Amino acid sequence: MQIQWYPGHMHKAGKEIKEILPKTDIVIEVLDARIPFSSANPLLASLRGDKPCLKVLNKSDLADPELTVAWQAYLDREHGVKTLALTSREPEKMRKIAELCRQMLPAQMQNDRIVHALIVGIPNVGKSTLINILAGRTVAKTGNEPAVTKTQQRIAIGNNVVLLDTPGMLWPNIENKNSGYRLAATGAIKDTALHHEHIAAFVAGYLGQHYPACLQDRFQLQEIPDSADAVLEAIGKKRGCLRSGGRVELDKAAKILLNELRSGTLGRISLETPAMMEQELAEVAVIREQKAEKKRLRKQHRTE
């Protein structure tokens, strides 16, 4: 299942980011700590160039702490990048972002002049909540669904740092299908744009392999079924998602699993590792080459 969701205001946000970037001193990219790679916008990486970037791994209280440390070590190797793992329950730690931004700037910029920081992040990653804490007041609309912020804002956060906020933005072509599933599983894509059963089956298969104890403890399963669909069946039976005749209502079971993953009720879970991403990137590169070759052959065939 190919997951694509790219409303018109996101296209507008992409154009705005291209226009604003040359006028900014530093980029703050808010990531979901459970999916630090899949929640990073590849368009931003190509546009940022050598501009310093603070990658904030937000919602770290929902992520596997060991994998968050591993992700920070992996991302910190990139030139000009520093990482900070945060949660909305740590407002004092969040307020240190302004000073950290100044420290990341070149020596000649370490003065009292105004620093313009572009803050970006995919939908529903907690960017607006972070902005409100930094500003000390409600300046950004928050919500538990993606695509709440739709206009650009400028917000002073103290220490002569001004945030340039833009709407949460996905990208028009999510090449790695697994990243699409992860984005949907964590709530970055509106539920009306996807099929719960497909996403929950992906989550069930992953949890059965990497976090079986979380499934067993939460849903009181004596053992983990062999297939993802069977896991959803078992969850449905345990939670009473039954139709007439005793059949399991899979859509209802799927929503239960996704809601409990997103809320952290299942435990602290990360849906990807650096090693996993390296492998998937290699697979995407092969697919990209195959598509390019097919395109070349079609073009050659038309000219013959």
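All heavy atoms count here, side chains included; hydrogens, waters and symmetry mates do not. Given the structure is predicted, the values throughout are model-derived calculations rather than measurements.
Each salt bridge (charged side-chain N to carboxylate O under 4.0 Å, His left out) pair with one or both residues in residues 34-55, not counting sequence neighbours, appears once here: Glu29-Lys55, Asp32-Arg34, Arg48-Glu78. Screening residues 225-237 for salt bridge (charged side-chain N to carboxylate O under 4.0 Å, His left out) gives no qualifying pairs among residues at least two apart or on separate chains. Counting only residues at least two apart or on different chains, the ring pair (Phe, Tyr, Trp, His ring centres under 6.0 Å) pairs with a member in residues 68-96 are Trp71-Tyr74.
The two residues Gly236 and Val248 have their closest heavy-atom pair at CA-CG1, 3.8 Å. Across all their heavy atoms, Ile26 and Cys53 have their closest contact at CG1-N, 4.4 Å.
Taking 4.0 Å as the cut-off between side-chain N and carboxylate O, Glu92 and Arg95 count as a salt-bridged pair.
With sequence neighbours left out, the side-chain contact (heavy atoms from CB on, under 4.5 Å) criterion links Ala230 to Pro225, Ser227. With sequence neighbours left out, the salt bridge (charged side-chain N to carboxylate O under 4.0 Å, His left out) criterion links Arg89 to Asp61. Listed by chain and number, the residues in a side-chain contact (heavy atoms from CB on, under 4.5 Å) with Arg243 are Arg247, Glu249 (sequence neighbours excluded). Judged as a side chain to side chain donor-acceptor pair (under 3.5 Å), and not counting sequence neighbours, the contacts of Asp76 are Thr83. Under the side chain to side chain donor-acceptor pair (under 3.5 Å) criterion, Tyr206 pairs with no residue at all, not counting sequence neighbours. For Ser88, there are no side chain to side chain donor-acceptor pair (under 3.5 Å) partners, not counting sequence neighbours. Qualifying side-chain contact (heavy atoms from CB on, under 4.5 Å) partners for Gln279, counting only residues two or more places apart in sequence or in other chains: Glu283. Taking the side chain to side chain donor-acceptor pair (under 3.5 Å) definition, one finds that Asn58 meets it with nothing, sequence neighbours left out.
Placement of Ile122 and Val81 in two distinct hydrophobic clusters is found when ILVMFWY residues are connected by side-chain heavy-atom separations under 4.5 Å, directly or transitively. Placement of Leu261 and Ile256 within a single hydrophobic cluster is found when ILVMFWY residues are connected by side-chain heavy-atom separations under 4.5 Å, directly or transitively.
Ile114 is listed as a side-chain neighbour of His116, based on a closest heavy-atom distance under 4.5 Å. Contact of the Leu258 side chain with the Val203 side chain is registered, since non-hydrogen atoms from C-beta on lie closer than 4.5 Å.
Summarising the geometry, atom CG belonging to Asp25 is positioned 11.0 Å from atom CG belonging to Leu118; distances are rounded to the nearest 0.5 Å.
Although no hydrogens or angles enter the test, the distance criterion places no donor-acceptor pair under 3.5 Å between the side chain of Gln72 and the main chain of Val69. A donor-acceptor pair under 3.5 Å is formed between the side chain of Thr273 and the backbone N or O of Met276. Thr186 places a side-chain N or O within 3.5 Å of a backbone atom of Leu183 that can act as its donor or acceptor partner. A side-chain donor-acceptor contact under 3.5 Å links Asn124 to the backbone of Gly187. Within the 3.5 Å criterion, the main-chain N or O of Ala185 finds a donor-acceptor partner in the side chain of Arg262.
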N/O donor to acceptor pairs below 3.5 angstrom from side-chain atoms of residues 208-218, sequence neighbours left out:
residue: Tyr211; atom: OH; partner: Asp64; partner atom: OD2; Å: 2.8
residue: Tyr211; atom: OH; partner: Ser270; partner atom: N; Å: 3.3
residue: Gln216; atom: NE2; partner: Gln222; partner atom: O; Å: 3.0
residue: Arg218; atom: NE; partner: Glu260; partner atom: OE1; Å: 2.6
residue: Arg218; atom: NH2; partner: Glu260; partner atom: OE2; Å: 3.4

